[in-house]
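From a predicted model like this one, the values you see are computed outputs, not experimental measurements. Below, all heavy atoms of this structure are taken into account, side chains as well, without hydrogens, waters or symmetry copies.
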Amino acid sequence: MNTRRGSGWWEQGVSDSQHNRRERLVLLHHAANCASAEGRCKISRCSEMKRVWKHIGEGICKGVKCDYPHCNYSRVVLSHYRRCKNLTCVVCGPVRDADKLQEANKKRKAPVAGFYHDDRSYCRLCLQGGDEPLVRDCICRSGRADFAHLSCMIADAENKSRQASDWNRMMVTRESFTRCPNCNEEFQNVVLSNLLKARVIFVEREFENDHMMYLHAMVDRMRSLVGKRSESDRAEGEEMCSKMLTVIEEIRRTNTQNNAFMLNVATAYNVMGSFSSMKAEEYHGKSREIMQQLKEDDEIEAIAFETDHFIL
């Protein structure tokens with residue numbers, strides 16, 4: 001039995017038969033939801049699968065004796081999808097994940113993205129094309145399954161963050177918003193910038209009282225704004241500086257300071273100093289002062305490895 005190796009969890013050790021059934025199910029799923037006019041969809045074989053879907057759905061099919069092209073095989077695949085209870089099924093799992101994302105995206109307004117678009121591709125998460133551009137800015141190069149809608153990437157990262165345990169939610173959130181789950185490399189350029197911005201909005205909306213998580217998200221976003229000259233980027237950075245200072249004061253007021261918190265605070269001051277030329281000396285000075293205090297603490301050794309990661 002031949003097996004395939006790919007980048008997604010559903011590609012690991014998949015046989016040719018499983019791969020073919022999944023591809024057919026993906027095409028049928030797309031055809032059932034596609035709103036494009038006949039012959040106008042960019043997805044290959046969409047029109048053909050629309051005809052098959054209509055044939056099966058409208059009761060034209062003659063059952064096991066049906067000789068309509070692609071009917072029997074499609075009914076077998078659809079029957080599997082209806083009966084399967086395996087949440088990690090390599091055949092229908094991707095389609096079930098797509099259904100969940102589509103439901104989540106109904107509650108969202110898709111952000112604008114205009115980069116790395118490929119007309120032949122479909123979103124690896126919702127398995128649809130649509131008007132929203134598809135993006136890919138990592139090292140994935142395995143084909144159509146590399147691309148995704150930015151709104152789907154954000155919804156997927158938010159879902160993973162909500163499902164994470166309290167003790168590792170900050171780490172899961174950062175990884176979900178910054179790293180490709182396929183190649184495990186960090187996104188780059190405009191894609192990363194948009195995801196970092198979405199992460200701050202998400203944390204601010206749902207975990208604002210988690211001061212460490214909130215501050216950490218803003219620090220990462222501020223890094224992407226350092227050196228930017230557009231008026232909107234500067235305005236966002238100035239607003240974020242104000243929010244970071246508020247969070248730092250809240251940390252001090254509630255007496256929740258510890259080495260991990262203060263390392264994040266030092267990093268925040270350092271990033272603000274790199275962003276704000278007018279207050280650079282003040283912010284960098286505060287950062288150095290906190291780091292000096294931490295170096296005098298025996299526990300600093302336990303978190304010293306974080307410094308290279310956090311400090312610019």
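Note: the hydrophobic cluster containing Tyr68 also contains Tyr73 (ILVMFWY, side chain heavy atoms under 4.5 Å, direct or indirect links). Under the 4.5 Å side-chain heavy-atom criterion for Ile, Leu, Val, Met, Phe, Trp and Tyr, Met213 and Leu245 are members of the same hydrophobic cluster. With hydrophobic clusters built from ILVMFWY side chains whose heavy atoms lie under 4.5 angstrom apart, Met222 shares a cluster with Phe207.
With Ser287 contributing its side chain and Tyr283 its backbone, the two residues share no donor-acceptor pair below 3.5 Å. Side chain of Asp156 to backbone of Cys152: no donor-acceptor contact under 3.5 angstrom is found. Put simply, the side chain of Ser161 gets close to the backbone of Ala157: a donor and an acceptor are under 3.5 Å apart. The main-chain N or O of Ala266 is never found under 3.5 Å from a side-chain atom of Asn270 such that the two would form a donor-acceptor pair.
Atom CG of residue Leu125 and atom CD1 of residue Ile154 lie 11.5 Å apart, to the nearest 0.5 angstrom. The distance from the OH atom of Tyr269 to the CD1 atom of Ile248 is 4.5 Å, given to the nearest 0.5 Å. With rounding to the nearest 0.5 angstrom, the CZ atom of Phe187 is 11.0 Å from the CG atom of Leu196. From Ile251, atom CD1 reaches atom OH of Tyr214 across 11.5 Å, with rounding to the nearest 0.5 Å. Rounding to the nearest 0.5 angstrom, the gap separating the CG atom in Asn264 from the NE2 atom in His216 is 5.5 Å. Atom-to-atom distance recorded for Leu195:CG and Arg174:CZ is 12.0 Å, nearest 0.5 angstrom.
Closest approach of Val226 and Ser274 over heavy atoms only: CG1-O, 3.8 Å. Taking every heavy atom of both residues into account, Val247 and Met218 meet most closely at CG2-CE, 3.8 Å. Shown here for Val135 and Leu150, the closest heavy-atom pair between the two residues is CG2-N, 4.3 Å. Smallest separation of non-hydrogen atoms from Arg24 and Val77: CG-CG2, 4.2 Å. What you find for Ala217 and Val200 is that their closest heavy atoms are O-CG2, 3.4 Å. Between Ala148 and Met153, the shortest heavy-atom contact is CB-CG, 3.7 Å.
In summary, of the residues considered (Glu236, Glu204, Glu239), a salt bridge (charged side-chain N to carboxylate O under 4.0 Å, His left out) with Arg221 occurs for Glu236 alone. Tested against Cys46, the residues Glu48, Lys50, Met49 include a single side chain to side chain contact (heavy atoms under 4.5 Å, CB included) partner, Lys50.
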Q: List the steps and the verdict of side chain to side chain contact (heavy atoms under 4.5 Å, CB included) for His70 and Leu27.
A: CA-CA 12 Å; His70 308 295; Leu27 282 170; over 6 Å; no
Q. Hey, mind stepping through Val219 and Met244 against side chain to side chain contact (heavy atoms under 4.5 Å, CB included) and telling me if it holds?
A. CA-CA 8 Å; Val219 165; Met244 291 165 75; 3.8 Å; yes
**Q.** Arg253 and Glu250: CA distance, side-chain angles, deciding distance, salt bridge (Lys or Arg N to Asp or Glu O under 4.0 Å) verdict
**A.** CA-CA 5 Å; Arg253 187 186 68 80; Glu250 184 65 18; 2.6 Å; yes
Q | side chain to side chain contact (heavy atoms under 4.5 Å, CB included) between Arg75 and Leu78, intermediate numbers included | A | CA-CA 5 Å; Arg75 284 193 297 105; Leu78 290 171; 5.5 Å; no
Q) Can Arg162 and Phe202 be said to form a side chain to side chain contact (heavy atoms under 4.5 Å, CB included), step by step? A) CA-CA 10 Å; Arg162 293 189 189 100; Phe202 168 70; 3.9 Å; yes
(Q) Walk me through whether Arg205 and Glu158 qualify under salt bridge (Lys or Arg N to Asp or Glu O under 4.0 Å). (A) CA-CA 11 Å; Arg205 185 178 69 240; Glu158 289 182 351; 3.2 Å; yes
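A 4.5 Å side-chain heavy-atom check between Met291 and Leu263 finds at least one atom pair inside the cut-off. At a threshold of 4.5 Å between non-hydrogen side-chain atoms, the residues Val265 and Leu215 count as touching. Looking only at side-chain heavy atoms (C-beta outward), Asp210 and Met170 stay at 4.5 Å or farther from each other. Between Arg199 and Ser176, the closest side-chain pair of non-hydrogen atoms is not below 4.5 Å. Residues Lys279 and Cys241 form no side-chain contact, since every pair of their non-hydrogen atoms from C-beta on lies 4.5 Å or further apart. Counting heavy atoms from C-beta outward, Glu208 and Val203 have side chains that stay 4.5 Å or more apart.
Between Glu206 and Arg169 there is no salt bridge, since no side-chain nitrogen of the basic residue lies less than 4.0 Å from a carboxylate oxygen of the acidic one.
A cation-pi arrangement is present between Arg234 and Phe275, with the terminal nitrogen or guanidinium carbon under 6.0 Å from the aromatic centre and inside a 45° cone about the axis.
Listed by chain and residue number, nothing satisfies the side chain to side chain donor-acceptor pair (under 3.5 Å) test with Ser165 (two or more places apart in sequence, or in another chain).
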